[in-house]
Amino acid sequence: MTNAPAQSGSGIAARAAAASAPPYLRALNPEQRAAVETLDGPLLVLAGAGTGKTRVLTTRLAHILAQRKAWPGEILAVTFTNKAAREMKERIGGLIGGMVEGMTWLGTFHSIGVKMLRRHAELVGLKSDFSILDTDDQLRLLKQLIQAEGIDEKRWPARQLAAHIDGWKNRGLTPDKVPAGEGAAYANGKGAQLYRDYQARLKVLNAVDFGDLLLESLRLFQENPDVLAGYQKKFRYMLVDEYQDTNVAQYLWLRLLAQGHRNICCVGDDDQSIYGWRGAEVDNILRFEKDFPGACVIRLESNYRSTPHILGAASGLIAHNEGRLGKTLRTDQNAGEKVRVRGHWDGDEEASAIGEDIEQAQRAGTSLEEVAILVRASFQMRAFEDRFITLGLPYRVVGGPRFYERAEIRDALAYLKVTMSPDNDLAFERIINVPKRGIGDNSVQKIHAIARATGTSLHRAALDIVQTEELPNKARKALADLLASFARWRTQVDTLPHTEVAEIILDESGYTEMHQQDKDPKAPSRLENLKELVRSMNEFETMEGFLEHIALVMDVEQSGEQEEKASIMTLHAAKGLEFDTVFLPGWEEGLFPHQRALDESGKAGLEEERRLAYVGITRARKACTISFAQNRRVHAMWQTALPSRFVDELPASHVDVDAMSSSYGGYNLGGADRFGGSRFDDFKPFNSGYNTPGWKRAQARHADGSALRSSPHIIEGTLTTSDAGATSYARGDRVFHQKFGPGTVTHVDGNKLSISFDKAGDKRVLDSFVSRA
DNA sequence: GTCCTAAATTTTTTT
DNA sequence: AATTTAGGAC
């Protein structure tokens, strides 16, 4: 921006305005201030990295409230991550005080979706206490459906189907809207049908998956104009953070809501769109002006974060992308250090070198809190962890293996879920035989069969079956005990504090004991995790509140850390953060850009990878070190890699190549006279036009994959089509039972029959297990 | 039904 | 290399 700052703006009016402006506006630059004060009508704020985006968002919110344009409850503010939502809440709280509490509609797309769906559950075929499946539940469910269809799971992995379904949901496609060609892409045309089955099953389970939180909210609006109109009227102002990451479903949802007051403000940066694989459409931001006619667009281009060299390197890199709106970031800081580029012999050496750098920085007075290592893929983290442990360098892994995804936590949660809502079949199935209590696959299958035949939940079916002799004695006893325990725990929920009940459940179920007996070296840490789980429940009023929270926030809040630590995280997790010193290791072809991104999305994939690189560099305030290794251990084998093409694309004037790295000698950067020529001349194994050989490979794979075996063989399933709905049996009827053989009905009690079997004697069985003889 | 051993598969990024 | 899955013995 070449204009003078607003404070010295021309005219008396401007000065008067400045003088009377509320204090929170004074600290803003002119563009930021415009973004805050342009309240009415659609507004797109293109906020480059480090240009004070969050500040603008929060100030804008405070401004709306201060101007009494709307009540807190009339503002819809959506973010993508819980972290962002939390941060925004805190910062607004700092500006407007207790009023934040009234901001009920500030949250992630998903959490707002849940809130709306719970209110109007019956309109989309759910009950308001529906449960939310995570990826693991989703996968297990899909596996069951795939098996029921008799499809070979090896050939058509459930993961793949899950990916398809996710993709459709992200694009706002219900099963009937899936394009025929795409539905056929999975399991010889069964994809769309499986999607339909899956959705039907979810409804029966009274459950939704992550994608549904958006898709079903969207459907709610599309099919219920009155509901939509209500929300349109309610939300006087709408704010959307990270708009470049919205997918089609979210976009449609926003657009419907914005038809009301039309005061929608979207903030984003097309250069930081890194979630294309999750369905994000950069296009949404690119065509904002078309979608919202008369929209105002404001660019924030003053960078307050990084030094010119860092900014220059990042800008030069991202300039290689074609599909972008384009912007020029400026900074008035002093030049600072150039971005360092360093090569290493292998990944271990890279880790050692970075470890030394960090120690040196630490001695020079840098706080470890200001140091971050940003990796492309999480497997890279290990080398650093190993190294830092031997160095005694404190570190923290951000967003690593998630707390709530650990098996022991999920098991414990399943217990709690069944206690709270017994009909949660997936949770029930998960723990029915954990710890081992003698209820094996066969017994579970039987319970399943009854549940299916009678159209009830597994829990109800289990209650029925224990009154019979269908199950082996051991299993029957175990199941009856388990059911009695759940009944008992349920009553305790009302009388005892929820953390206490949780402890009782884990204890009495034998779950804790199972881990105490376990001789696995990791067992103690699992027990520790269970304790942590109970501890974290303390922050919630009720068990329900706790379970709702973790369904959406898959992470546990890191609290009360005293020690300073260096951060290790993925580039994706780093978005929105900043550090004085940033290390970007692993810039090698195949890893970064990742081969799979190239294979699956070709040029679009490459450009997304480049944006990821851009995000990485722009996290740095003062120092940025990029490195690559010639050799890296991938599985068990060593693989040689070439430096990333991104290294080449960094503008020479902002980069320092450090050839002094210890055993770097073997790696000849630029031929014999590497200081003479252009630094990376001999590195260029790729043409400037990106051809992606992997893409062809992927196609070839696809081709032979689907062509090989002609058709999936169909396993004749024993479909239990019982006479559930038909007339019940009567006393004296002759019946046949798979296991006990022929017999005569002696007594009828609902769906439970007492039968005198010719060979096996008197037994009680469920009607769904016998047929008329 | 459970436990033990062998084999296969895995690693991109996440609400 | 590590973790999950399948198969086989008990």
Side-chain angles (χ1 to χ4, degrees), chain A residues 78-85 107-114 132-136 138-139 143 153-154 157-159 162-163 166 169-170 208-215 217 242 245-247 249-250 273-280 374-383 386 398-402 404-405 407 433-445 471-475 478 520-522 550-555 569-575 586 590-601 605 608-609 611-613 615-616 632-639:
Chain A
V78 256
T79 63
F80 270 82
T81 63
N82 295 294
K83 199 166 64 178
T108 61
F109 275 101
H110 298 266
S111 67
I112 289 170
V114 174
I132 302 164
L133 306 195
D134 56 34
T135 347
D136 205 64
Q138 192 186 3
L139 229 46
K143 267 184 194 158
E153 248 183 281
K154 287 273 165 53
R159 301 187 62 95
D166 258 3
K169 289 187 172 175
N170 285 335
V208 295
D209 63 18
F210 272 117
D212 281 338
L213 294 179
L214 303 170
L215 184 62
S217 320
E242 307 279 13
D245 288 333
T246 47
N247 61 36
Q250 288 159 337
S273 165
I274 54 175
Y275 285 104
W277 50 274
R278 209 174 75 187
L374 311 181
V375 297
R376 172 68 246 262
S378 37
F379 77 88
Q380 293 172 262
M381 292 180 180
R382 245 201 41 206
D386 287 349
V398 179
R402 287 143 176 281
Y404 291 116
E405 274 169 22
N433 201 28
V434 179
K436 296 264 188 306
R437 31 173 86 85
I439 308 171
D441 267 358
N442 283 330
S443 305
V444 174
Q445 284 313 314
L471 297 179
N473 260 336
K474 191 179 164 213
D520 188 300
K522 281 177 220 135
I550 55 163
L552 293 170
V553 185
M554 291 300 288
D555 233 339
M569 67 185 97
T570 64
L571 286 160
H572 284 88
K575 189 158 80 153
L591 176 59
F592 193 31
H594 200 281
Q595 192 58 48
R596 238 167 110 171
L598 264 34
D599 285 355
E600 284 167 13
S601 316
E608 179 153 318
E609 296 285 292
R611 290 193 290 268
L612 202 45
V615 168
R632 198 170 283 279
R633 207 169 31 199
V634 177
H635 296 139
M637 288 173 312
W638 285 94
Q639 284 194 347

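Labels below follow one simple rule: chain letters A, B, ... track the order of the sequence lines, proteins then strands, and each chain is numbered from 1. FYI, side chains are in, hydrogens and waters are out, and symmetry mates aren't considered; it's all heavy atoms of this structure.
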Between [N] ([atom2]) and [X] ([atom1]): distance, integer Å:
| X | N | atom1 | atom2 | value |
| --- | --- | --- | --- | --- |
| A:Asn170 | B:dT13 | CG | P | 17 Å |
| A:Asn433 | B:dG1 | CG | C1' | 9 Å |
| A:Asn442 | B:dT2 | CG | P | 10 Å |
| A:Arg159 | B:dT11 | CZ | P | 6 Å |
| A:Asp166 | B:dT14 | CG | C1' | 10 Å |
| A:Leu591 | B:dT11 | CG | C1' | 10 Å |
| A:Asp441 | C:dA6 | CG | C1' | 12 Å |
| A:Leu612 | B:dT13 | CG | P | 11 Å |

### Contact summary for A:Ala475 and A:Gly438, nearest pair of heavy atoms
CB-O, 3.4 Å

### Task
Between A:Phe80 and A:Lys436, name the one whose nearest nucleotide on DNA chain B is closer to the 5' end.
A:Lys436

### Any donor-acceptor pair under 3.5 Å from A:His110 side chain to A:Leu213 backbone
no

### Message
Is any side-chain heavy atom of A:Asn247 closer than 4.5 Å to one of A:Leu214?
### Response
yes

### Query
Side chains of A:Met569 and A:Leu374: closer than 4.5 Å at any heavy-atom pair?
yes

### Query
If you measure from CG on A:Asn170 to CH2 on A:Trp277, what distance do you get to the nearest 0.5 Å?
10.0 Å

### Task
Measure from the side chain of A:His110, starting at C-beta and using heavy atoms only, and say which of C:dT5, B:dT15, B:dT14 lies closest.
B:dT15

### Query
Nearest to the side chain of A:Trp277, which nucleotide is it out of B:dT13, C:dT5, B:dT15?
B:dT13

### Task
Output yes when at least one side-chain N/O atom of A:Thr570 is less than 4.0 Å from OP1 or OP2 of B:dT14, else no.
yes

### Task
Please measure how far the C1' atom in B:dT11 lies from the corresponding atom in C:dA6, and state the result in whole Å.
23 Å

Need one value for [X]: base, sugar-phosphate or nothing, where a base atom within 4.0 Å counts as base even if backbone is also close, heavy atoms only.
| X | answer |
| --- | --- |
| A:Phe379 | base |
| A:Ser443 | sugar-phosphate |
| A:Ala597 | base |

